[in-house]
Amino acid sequence: MNAPSSLALAVPALSLKDIGKHFDGLEALRGISLDVAKGEIVALLGTSGCGKSTLLNIVSGLLPADRGELRIDGQPAASFRDWRRIAYMFQEDRLLPWRSIRANVAFGLEAERSRRAERIVKAEQALRLVELDGFARAWPHQLSGGMRSRVALARSLVVEPQILLMDEPFSKLDPQTRAQMHQELLRLQRFKNITVVFVTHDVEEAVVLADRVVVLEPRPGRIRAIKPLDLPRPRIPTDLAVSEQVRQLRMAL
Amino acid sequence: MTMETAKRIVSLLLQRGVLIAVFLLLWWYAAVQLPSFVLPGPERVFSALVGLVHSVTFLHDLGATMGRVFSGFVLATLIGTPLGLALGSSRALARFFEPILAVLNTVSSAIWAIFAIIWFGISDATTIFVVFMTAMPLILTNVWQGAQTVERQFIDLARSFRMSRWQVLVKISLPSILPYFFSGARLAFGFGWRVSLVAETLGASDGIGYRLRQAADLVQSDQVFAWTLLLVALMLLLEAGVLKPLERWLFRWKTPSR
Ligand SMILES: Nc1ncnc2c1ncn2[C@@H]1O[C@H](COP(=O)(O)OP(=O)(O)O)[C@@H](O)[C@H]1O
Ligand SMILES: [Mg+2]
């Protein structure tokens with residue numbers, strides 16, 4: 001069939017095949033196979049210790065897998081050169097205490113040759129996005145945990161990634177700010193067609209954001225189920241269809 | 001400034017004033033009891049001090065000593081810092097060189113001074129060498145210690161942005177190590193300054209240490225006391241006027257303690 005821009009035929013942004021990882025005696029991941037299409041949002045859901053962070057570390061290229069194959073845009077990870085298109089927001093905010101908030105956001109831009117003035121402008125734009133433009137000159141220790149994780153989000157977004165990996169990005173936010181950040185992320189994601197893989201403990205967050213939910217189980221970490229969510233957007237948690245989906249997913253866990 | 005801090009400053013100034021007055025009084029009383037070559041009185045020392053500052057060689061001597069201390073200190077920094085970084089980055093290297101460091105730390109500065117005289121004779125190099133041998137191990141040890149505390153998580157953050165090894169060094173490692181370097185450098189400078197005088201009494205023909213020995217040989221106790229006062233004042237000035245403000249500025253990002 002001549003489906004317009006068929007997702008099935010396009011090269012996936014991320015392709016994992018039979019990924020496995022051991023730490024000494026511990027088998028952290030086994031047989032992880034997953035394709036993520038360009039522009040897709042995938043949630044990784046699972047109890048703590050089931051290897052979610054390890055999986056993101058592997059996909060980000062920071063940690064080598066013991067076995068299996070990782071492809072980015074169809075290219076094997078070993079020969080992939082364009083890693084700067086992937087941004088990784090860690091589970092911890094990892095703000096550098098000796099840098100101001102603005103300099104923390106600009107940090108990722110310094111990897112490539114660029115003008116200082118330009119970096120400052122971009123960093124301030126990113127701070128506006130997470131509604132912290134009033135704190136550009138503050139030090140990290142002056143901010144609350146929720147504010148710090150928004151700074152970390154700004155730092156990931158400022159490099160304009162095509163693939164965004166996020167490890168429990170909104171866990172430290174209060175419900176209202178979290179909903180606001182969800183909408184901001186979705187707006188940006190649609191606008192730039194960013195591929196997003198994020199980890200969460202929060203089933204409702206997964207249902208509101210994700211196109212697909214990957215449910216992991218521990219010891220060894222492996223995929224238990226993959227649930228596509230074809231609910232219309234925007235998804236409001238109080239909508240019947242959304243809350244029904246949340247209920248079903250909770251049951252499955 | 002709040003009322004509270006103003007009160008605190010006034011009370012501090014008062015305390016210091018009383019301390020100085022008590023000190024001068026005791027000094028004056030003791031000086032009356034003792035012969036003046038053992039303990040010259042305050043007024044004699046102050047007039048010696050004025051004479052000293054106006055003497056022809058004063059600036060030259062001060063400059064000579066400072067130049068030697070700075071040269072030794074800068075050399076110690078230039079060599080101690082990369083060595084500390086190297087030891088911090090490799091456990092095997094550190095284990096191999098650790099005994100040498102232990103030896104360096106136990107050898108007294110006076111012994112370095114003797115060696116320096118044998119090797120360099122009466123020259124600038126003698127004092128510079130002694131300052132260097134005293135300061136370098138201190139800087140090395142502190143940088144090494146700091147290098148071991150660099151957070152793995154921050155390095156991974158830089159790696160996630162695909163920064164080069166050089167960028168990781170400059171943007172993550174060096175800022176993490178800076179507080180350790182600073183306290184090491186401060187210690188090294190203090191020790192270097194003190195041992196430079198010892199070295200100069202043995203192996204120099206100018207500089208403060210040389211003048212001190214000269215005064216001692218001629219039993220000019222008032223001169224010795226005048227130099228001592230001057231040195232103390234200089235050190236206090238350096239501490240309050242340069243080091244403290246520099247430290248406050250460099251580490252302004254730190255959580256205020258208390
Ligand atoms: N660097 C490491 N060395 C040893 N064990 C590790 C390391 N990183 C993670 N693990 C172990 O692997 C398992 C999965 O960890 P992680 O990926 O952090 O889980 P999650 O993010 O799902 O909570 C845990 O049992 C953890 O203790
Ligand atoms: Mg985790």
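Every value quoted in this text rests on a predicted model; they were computed, and no experiment measured them. Letters A, B, ... mirror the listed sequences (proteins, then strands); counts begin at 1. Side chains included, hydrogens not; waters and symmetry mates left out as well; all remaining heavy atoms used.
Residue with the most contacts toward chain B among A/A138, A/G61, A/G108: A/G108 (heavy-atom pairs, distance under 4.5 Å). Among B/Q153, B/R252, B/K171, B/M163, the residue with the largest count of heavy-atom pairs under 4.5 Å with chain A is B/Q153. When each of A/L109, A/N57, A/L165, A/L62 is checked for heavy-atom pairs under 4.5 Å with chain B, A/L62 comes out on top.
Within 6.0 Å of CZ in B/R152 there are more than 12 heavy atoms belonging to other residues, nucleotides or ligands. At most 12 non-hydrogen atoms from other residues, nucleotides or ligands lie less than 6.0 angstrom from CZ of B/F115. More than 12 heavy atoms of other residues, nucleotides or ligands lie within 6.0 Å of CZ in B/F58, so this atom counts as buried by the packing criterion. In A/F80, the CZ atom is crowded: over 12 heavy atoms of neighbouring residues, nucleotides or ligands sit closer than 6.0 Å. The number of heavy atoms from other shown groups lying within 6.0 Å of CZ (B/F96) does not exceed 12.
Between the side chain of B/R162 and the backbone N or O of A/A111 there is no donor-acceptor pair closer than 3.5 Å.
Going from atom CZ of A/R99 over to atom CH2 of B/W253 covers 12.5 Å, rounded to the nearest 0.5 Å. Atom OG of A/S156 is separated from atom CZ of B/F161 by 5.5 Å, given to the nearest 0.5 angstrom. Atom CZ of A/R94 sits about 6.0 Å away from atom CG of B/D156, to the nearest 0.5 Å. Considering CG of B/L178 and CH2 of A/W98, their distance stands at 10.0 Å, rounded to 0.5 Å.
Heavy atoms closer than 4.5 Å to chain B are found in both the backbone and the side chain of A/E110. Contacts of B/S164 with chain A are absent, with no heavy-atom separation under 4.5 Å from either backbone or side chain. Proximity to chain B is limited to the backbone of A/I86, based on heavy atoms less than 4.5 angstrom apart. Looking at A/L95, the atoms closer than 4.5 Å to chain B (heavy atoms on both sides) all sit in the backbone: N, CA, C or O.
Two residues are said to be in side-chain contact when any heavy atoms from C-beta on lie closer than 4.5 Å; B/R159 and A/Y88 fail this criterion.
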